[in-house]
Amino acid sequence: MPSHDLPASAPLLQHLNAEQLAAVTLPAGHALILAGAGSGKTRVLTTRIAWLLQTGQAAPGGILAVTFTNKAAKEMSARLSAMLPLNLRGMWIGTFHGLCNRLLRAHHRLVGLPATFQILDMQDQLSAIKRLCKQYGVDEERYPPKQLASFINAHKEDGKRPRDIPMRDPDTQKKIELYQLYEQQCQREGVVDFAELLLRCHELLRDNDPVRAHYQRRFAHILVDEFQDTNRLQYAWLKQLAGDTVEGRLMAPGSVIAVGDDDQSIYAFRGARVGNMQDFVREFGVRQVIKLEQNYRSYSNILDCANALIEHNQGRLGKNLRTQQGPGEPVRVREAPTDLAEAQWLVEEIQNLVQTGEAARSQIAVLYRSNAQSRVIESALFSAGLPYRVYGGLRFFERAEIKHALAYLRLLENPQDDTSFLRVVNFPARGIGARTLEQLQDLARAAGGSLHAAVGSVPGKAGANLAAFVALIDQLRQDTQQAHLGQIIAKTLQASGLQAHYRSDKDGADRLENLDELVNAAESFVTQEGFGRDAVALPLDEQRSAPRLTQSPASQGLDSALPLAAPGLPIDQDTGETQSPLAAFLTHAALEAGDHQAQAGQDAVQLMTVHASKGLEFDCVFLGGLEEELFPHQNALADPSGLEEERRLMYVAITRARKRLYLSFSQSRMLHGQTRYPIRSRFIDELPEAALKWLTPPQGGFGSFQELNQFAINSIAASHRQTRGNSSFTPQKEVVASPPLPARKSQPEHGLRVGMAVFHNKFGEGRVLAIEGAGADARAHIQFPRHGSKWLALAVAKLTQVE
DNA sequence: AACACGTCGGTTTTT
DNA sequence: CCGACGTGTT
């Protein structure tokens with residue numbers, strides 16, 4: 001390895017701009033890199049690592065790079081190995097959960113976990129909680145399992161165990177109790193949920209000085225991707241790894257590089273804390289904040305929109321994207337009369353783009369705020385015969401048949417896993433009914449053991465059936481002792497009766513296929529992991545260098561941890577214990593739910609939520625439904641921080657587009673089976689006119705949010721004047737939303753007049769309060785007794801006069 | 001044990 | 001309007 005060899009590193013640094021170069025070649029120490037959208041963030045991260053290695057400032061074993069998603073981790077690894085002919089295996093590159101899992105496997109004894117501990121995904125966690133609730137006779141109306149799950153997860157992600165939670169009301173106390181019981185249940189069964197992986201790992205580092213010291217020494221270079229999305233616990237975990245805090249100051253000799261963009265923080269709802277960025281600067285004594293503002297993705301009209309929009313947020317770290325590309329096309333804005341018309345227009349526009357060769361289908365994305373919006377768009381695309389692909393939905397390892405198969409496999413590994421036991425004890429059906437299981441659960445609880453252990457105590461026919469199930473599992477375990485992973489799974493599918501069950505099911509063909517795919521996935525997993533069989537992790541002192549050829553392929557996850565057992569370290573002697581291929585595969589299945597198995601449509605229009613689009617880019621982006629209460633979403637409007645997150649979301653959407661951006665909104669929209677008449681999103685009004693091209697008259701219709709807002713202020717003031725002394729006055733939304741009375745009188749082609757009684761299919765009978773506009777833009781303000789007052793577009797609303 | 005019916009709720013999502 | 005889920009029926 002060349003050391004401090006500038007010529008050698010020169011090609012690596014060749015195509016970097018000044019900001020990027022500065023970030024890549026930062027001297028050791030903590031730094032924050034504010035990386036704007038499309039500014040080459042991943043490139044900087046990977047080049048930084050490559051540069052550290054190439055210049056001999058770091059050995060592979062000294063590097064820890066952490067991301068949120070497996071996708072990001074894989075991309076980083078891929079780009080790194082393309083850059084350097086180096087062995088990546090000593091490096092710790094992975095997700096927070098993946099890395100924590102690795103640490104916990106290596107030190108499972110220290111944290112009191114069995115070597116075979118299994119990971120619960122969200123579904124598993126929820127069913128474990130439901131089971132717990134039934135067991136303890138919890139009123140599921142009062143304490144919905146879903147709510148309990150989020151209570152538990154939120155506290156774990158805040159670093160809190162049951163005893164750390166202050167109990168205010170009896171309700172909270174009950175939840176704390178259940179959290180504690182849930183913990184005990186998990187512990188007894190040898191399972192951990194996602195949040196537990198992080199918390200347990202955090203506690204491992206916190207409570208074991210030599211372990212912590214060891215990793216602190218080892219990971220001299222820590223790099224964090226998407227730092228704005230870290231939660232409290234992840235940040236605390238990073239701090240543990242970075243160094244000890246003495247009198248409030250972090251004594252960290254190493255280097256933590258946090259890369260993120262506060263303007264793209266869109267996951268507060270799941271615990272992300274942008275505040276970690278400011279905290280990081282303060283607590284790590286960061287002196288270097290580097291901004292990557294040069295954008296390599298979009299034309300300037302698009303960036304102008306992004307910059308102007310995000311400018312409306314308060315308390316930003318401050319950043320302005322710039323580009324050397326020209327203005328490009330203007331950003332198109334269009335108002336549609338209905339959501340259906342919006343979708344049809346969008347499809348026509350897409351067809352144009354494709355036919356003129358402007359863009360490939362796969363380079364066109366349709367983004368929306370909520371999944372429900374995809375329905376109309378999908379049907380329009382479908383009728384037009386345009387191939388499309390919808391992101392999201394079930395992933396491979398989340399499919400029911402796969403989860404069933406995995407449950408059998410988990411029982412082979414860990415018979416105590418009651419969640420898995422219950423999932424498959426009677427699937428396929430074995431005549432073990434709910435009554436029997438209730439009985440079994442009672443017995444198990446009384447004995448304080450697992451269901452598996454209690455099977456023998458169930459009398460009669462039911463007991464015999466249960467015993468047969470247990471015998472099946474035990475037999476299977478025995479029969480597969482010497483088998484390869486693929487064989488184990490194939491045998492399990494057969495012996496469990498799963499295969500037979502789906503074969504006899506008239507529409508079980510897909511599921512059968514998926515089960516076959518599971519065998520394939522396992523085989524390719526083994527092959528892939530096998531590459532790591534002779535991997536050596538080089539500790540910083542490079543004392544160990546001998547390949548550990550004796551390890552089983554699947555122990556790859558451990559091998560980097562092994563050399564850490566430096567002399568004097570109270571690390572389990574058994575970290576040399578290899579994980580079986582099966583155990584490794586089960587972990588893999590839990591931590592990586594697999595690809596969204598969408599249609600393999602090669603060249604298809606891409607449909608997804610704005611959230612799902614983060615990190616992606618497309619030549620052409622359509623963003624529909626830009627309406628108040630949809631985007632920004634109603635539920636986010638309650639507090640200013642919610643609105644700001646919506647704005648960041650809009651910012652993310654805008655910055656996905658390379659060449660063309662289309663924004664649209666509709667005068668009416670079907671939602672939850674009700675037609676709504678929204679007004680256009682305030683976000684549209686926050687964009688610079690100069691960068692826009694309105695495809696429909698901008699002032700047509702209801703006017704902007706600002707206008708309504710201004711009117712609201714006036715009208716509330718007016719109402720207050722009028723209703724002075726009337727304490728019961730509350731500004732109703734409908735009142736607030738009424739525009740001023742029309743100054744001009746229009747020709748009433750629609751035949752409506754103020755004061756008239758009308759009938760509407762949905763809202764029933766109502767009275768016309770006001771009419772505004774003419775022709776296609778005509779709207780009436782109508783008071784309905786049941787639904788309050790509504791502004792209806794007369795071109796759209798079906799109204800009939802009532803005598 | 002499979003099916004039918006009624007109720008309820010309904011942003012965003014990764015691990 | 002539409003899907004998930006839970007309860008009740010055959």
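Here is the naming used below: chain letters follow the sequence lines, and residue numbers restart at 1 for every chain.
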*Report yes if a side-chain nitrogen or oxygen of Thr609(A) is closer than 4.0 Å to either non-bridging phosphate oxygen (OP1 or OP2) of dT13(B); otherwise report no.*
yes
*dT13(B) P sits how many Å from His633(A) NE2, rounded?*
12 Å
*asked:* On DNA chain B, does the nearest nucleotide to Glu592(A) precede the nearest nucleotide to Ile266(A) from the 5' side, or the other way round? Give the residue.
replied: Ile266(A)
*Without swapping roles, check the side chain of Asn414(A) against the backbone of Glu189(A) for a donor-acceptor pair under 3.5 Å.*
yes
_Output the rounded distance in Å from CD (Glu226(A)) to C1' (dT13(B))._
13 Å
*Give the rounded distance in Å between these two atoms: CG of Leu120(A) and C1' of dT15(B).*
12 Å
*Which nucleotide in the list dT13(B), dC1(C), dT15(B) gets nearest to the side chain of Ala612(A)?*
dT13(B)
*Closest-nucleotide 5' rank along DNA chain B - winner of Gly433(A) and Ala636(A)*: Gly433(A)
*For each nucleotide in nucleotides 4-10 of chain C, reading 5' to 3', give B when a protein heavy atom comes within less than 4.0 Å of its base, S when such contact involves only the sugar-phosphate, and - otherwise.*
--S----
*Is Asn371(A) touching bases, backbone alone, or none of the nucleic acid, heavy atoms closer than 4.0 Å?*
sugar-phosphate
*Give the nucleotide from the list dG3(C), dT11(B), dT15(B) with an atom nearest to the side chain of Arg395(A).*
dT15(B)
*Tell me whether the OP1 or OP2 atom of dT14(B) has a side-chain N or O from Asn70(A) closer than 4.0 Å.*
no
*Decide yes or no on salt bridge (Lys or Arg N to Asp or Glu O under 4.0 Å) for Arg648(A) and Glu645(A), but give the supporting numbers first.*
CA-CA 5 Å; Arg648(A) 291 192 290 270; Glu645(A) 179 144 319; 3.2 Å; yes
*Donor-acceptor contact below 3.5 Å, side chain Arg656(A) vs main chain Val610(A)*: no
*Has Tyr267(A) got its ring stacked on the base of dT14(B), with centres under 5.5 Å and planes less than 30° apart?*
no
*Between the main-chain N or O of Leu512(A) and the side-chain N or O of Gln499(A), is there a donor-acceptor pair closer than 3.5 Å?*
no
*asked:* Please tell me whether Gln667(A) and Tyr677(A) have a donor and an acceptor in their side chains that are separated by less than 3.5 angstrom.
replied: no
*Hey, does the side chain of Asn635(A) come within less than 4.0 Å of dT12(B)'s phosphate (OP1/OP2), counting only N and O?*
no
Identify the pairs formed between an N or O of the protein and an N or O of nucleotides 2-10 of chain B at a distance under 3.5 Å, and give each distance.
{"unit_1": "dG10(B)", "atom_1": "N3", "unit_2": "His672(A)", "atom_2": "ND1", "d": "3.1"}

_Using atom P in both nucleotides, what's the gap between dA4(C) and dT13(B) to the nearest angstrom?_
16 Å
*asked:* Roughly how many Å apart are dT11(B) and dG6(C), using the C1' atom of each and rounding to a whole number?
replied: 25 Å
*Between Phe427(A) and His501(A), ring centroids under 6.0 Å*: yes
_Mutual orientation of the aromatic rings belonging to Phe219(A) and Tyr215(A) [parallel < 30°, tilted 30-60°, perpendicular > 60°]_ = parallel
*asked:* Distance check needed: dT15(B) P versus Lys74(A) NZ, whole Å only.
replied: 9 Å
_Over all strands shown, is Phe269(A) touching base, sugar-phosphate only, or nothing at heavy-atom distances under 4.0 angstrom?_
base
*Grab the CD-P distance between Glu378(A) and dC2(C) for me, whole Å please.*
13 Å
_What is the separation between atom CZ on Arg430(A) and atom C1' on dA1(B), rounded to the nearest whole Å?_
15 Å
*Assert yes or no for the condition that the ring centre distance of Phe421(A) to Phe469(A) is strictly below 6.0 Å.*
yes
*Identified side-chain hydrogen bond (donor to acceptor under 3.5 Å, both in side chains) counterpart of Glu627(A) within the set Arg669(A), Arg369(A), Arg676(A)*: Arg669(A)
*Please work out whether the ring planes of His611(A) and Tyr267(A) are parallel, tilted or perpendicular, with thresholds of 30° and 60°.*
tilted
*Between Asn231(A) and dT14(B), does any side-chain N or O lie under 4.0 Å from OP1 or OP2?*
no
*Ignoring backbone atoms, establish whether Arg375(A) has a side-chain N or O less than 4.0 Å from OP1 or OP2 of dG3(C).*
yes
*Check the distance between dT12(B)'s P and Lys614(A)'s NZ and give it to me in whole angstrom.*
17 Å
*Is there a donor-acceptor pair under 3.5 Å between the side chain of Glu342(A) and the backbone N or O of Ala336(A)?*
no
*Under 5.5 Å between ring centres and under 30° between planes: true for His611(A) and the base of dT12(B)?*
no
*How many Å lie between CG on Asp124(A) and P on dT15(B), as a whole number?*
15 Å
